Amino acid sequence: MKFRQAQMFEYALSIFPERLSQNGATGLPTYKIIWRVGNELIVANTYQVNSSNTPFTKHIRSDGEVISNTWAVDGEESDLYRTRKIWLDNYGQPFDNPYAIYSAPSLLLSELVRHYSDLDVKENTGENILFNIKYLKSNTELPFLMIDPNVELMPVSLISEN
């Protein structure tokens, strides 16, 4: 998947604990995505979040001031809106059990791939930067890595941070 699709894939993963917590679930694992990038396996974030857990992008204005723009959730054309709508259509119905899916990482990854790997994205954040990178083979860690906009990111596994 391309970079923006990978961002929405990661965002879709974040919706599970958000919604489950709203329904009273506690002690939920926090999953990180293992991505295949070329011949490398890495753990990385495709975006940063603010204190409200909202994705944002930093920009430098013409006067040199650094500003953070949160991503739009409103409007049916917003990628975040459409990502949330897919989640709600598939896991937000009264008799759905998203906890069962979330507590089985291999099933969770399969579900995310099925619903989000071909997402038709409309927006572009203007940056293709991975954050908090860890190369699994060499154990090298980087705070960020700018990548080519055409690079393919393939989600291959999930690991729990806790």
Side-chain angles (χ1 to χ4, degrees), residues 1-22 25-60 66 68-71 73 78-80 82-84 86-87 90-91 97-162:
M1 64 183 62
K2 299 295 184 203
F3 188 74
R4 184 62 174 172
Q5 289 170 315
Q7 288 180 316
M8 293 304 97
F9 187 91
E10 182 178 357
Y11 183 70
L13 174 62
S14 75
I15 297 170
F16 276 90
E18 172 195 319
R19 298 291 295 191
L20 291 170
S21 295
Q22 289 172 355
T26 59
L28 297 170
T30 302
Y31 293 117
K32 299 280 284 182
I33 302 168
I34 298 179
W35 303 97
R36 179 184 312 278
V37 181
N39 293 325
E40 295 282 348
L41 293 178
I42 64 170
V43 176
N45 296 105
T46 58
Y47 60 86
Q48 295 175 295
V49 294
N50 61 20
S51 60
S52 301
N53 213 29
T54 304
F56 71 91
T57 304
K58 288 184 179 180
H59 296 283
I60 301 173
V66 176
S68 298
N69 292 333
T70 56
W71 296 359
V73 181
S78 160
D79 290 338
L80 293 185
R82 290 182 307 110
T83 299
R84 293 184 82 79
I86 291 168
W87 194 95
N90 288 285
Y91 312 111
N97 187 0
Y99 182 81
I101 295 168
Y102 192 74
S103 61
S106 61
L107 179 60
L108 176 60
L109 182 65
S110 294
E111 283 288 298
L112 290 169
V113 166
R114 183 164 65 97
H115 292 293
Y116 295 99
S117 63
D118 294 324
L119 182 65
D120 181 25
V121 294
K122 309 280 187 205
E123 301 168 305
N124 185 347
T125 60
E127 297 180 334
N128 296 318
I129 300 175
L130 295 171
F131 298 95
N132 308 313
I133 298 99
K134 181 176 182 178
Y135 286 87
L136 296 184
K137 189 175 188 179
S138 66
N139 221 21
T140 302
E141 295 185 28
L142 300 172
F144 66 91
L145 179 69
M146 187 171 285
I147 61 172
D148 185 283
N150 296 317
V151 75
E152 290 286 326
L153 292 103
M154 172 73 71
V156 294
S157 190
L158 298 173
I159 56 172
S160 176
E161 287 189 315
N162 46 357

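Note that the structure is predicted; figures quoted are calculated from it, not measured.
- Nearest heavy-atom pair, Pro105 versus Leu158, reported as atom, atom and distance to 0.1 Å: O-CD1, 3.6 Å.
- Heavy-atom minimum distance, Trp35 versus Ala44: NE1-O, 3.2 Å.
- Rounding to the nearest 0.5 angstrom, the gap separating the CD atom in Glu18 from the CG atom in Leu28 is 12.0 Å.
- The side-chain heavy atoms of Thr46 and Ile33, taken from C-beta on, include no pair separated by under 4.5 Å.
- A ring-centre distance under 6.0 Å is found for Trp71 and Tyr47.
- If you take CG on Leu20 and CG on Asn97, they are separated by 8.5 Å, rounding to the nearest 0.5 Å.
- A heavy-atom distance below 4.5 Å is found between the side chains of Tyr31 and Tyr102.
- At most 12 non-hydrogen atoms from other residues, nucleotides or ligands lie less than 6.0 angstrom from CZ of Phe144.
- Within the 4.5 Å cutoff, side-chain heavy atoms of His115 are placed close to those of Asn90.
- Separating the CG atom in Leu136 from the CD1 atom in Ile159 is a distance of 6.5 Å, to the nearest 0.5 Å.
- Taking the six-membered ring where the residue is Trp, Tyr91 and Phe16 present tilted rings, their angle falling between 30° and 60°.
- Listed here is the closest heavy atom pair of Gln5 and Ser117: NE2-O, 3.7 Å.
- Interatomic distance, Leu80 CG to Met8 CE, rounded to the nearest 0.5 Å: 4.5 Å.
- If you run side chain to side chain contact (heavy atoms under 4.5 Å, CB included) between Asp79 and each of Asp120, Leu119, Val121, only Val121 comes through.
- Using a distance-only test at 3.5 Å, with no hydrogens or angles considered, a donor-acceptor pair links the side chain of Ser103 to the main chain of Ala100.
- Residue-environment remark: OH (Tyr99) stays at or below the threshold of 12 foreign heavy atoms within 6.0 Å.
- Within the 4.5 Å cutoff, no side-chain heavy atoms of Lys134 are placed close to those of Lys32.
- Between Val113 and Phe9, some side-chain heavy-atom pair lies under the 4.5 Å cut-off.
- Using a 4.5 Å heavy-atom cutoff, the side chains of Pro98 and Trp87 are in contact.
- In this structure, Lys2 and Glu152 have side chains that are in contact, with non-hydrogen atoms separated by less than 4.5 Å.
- The number of heavy-atom neighbours closer than 6.0 Å to CG of Asn150, taken from other residues, nucleotides and ligands shown, is above 12.
- One finds the CZ atom of Arg114 at 4.0 Å from the CD atom of Glu111 (value rounded to the nearest 0.5 Å).
- Side-chain contact between Phe56 and Gln48 is present, with at least one heavy-atom pair separated by less than 4.5 Å.
- In this structure, OG1 on Thr57 lies 7.0 Å from CD on Gln7, to the nearest 0.5 angstrom.
- Thr83 and Tyr116 make their closest contact through O-OH, 2.9 Å (heavy atoms, listed as atom of the first residue, atom of the second, distance).
- Smallest separation of non-hydrogen atoms from Ser138 and Thr140: OG-OG1, 2.8 Å.
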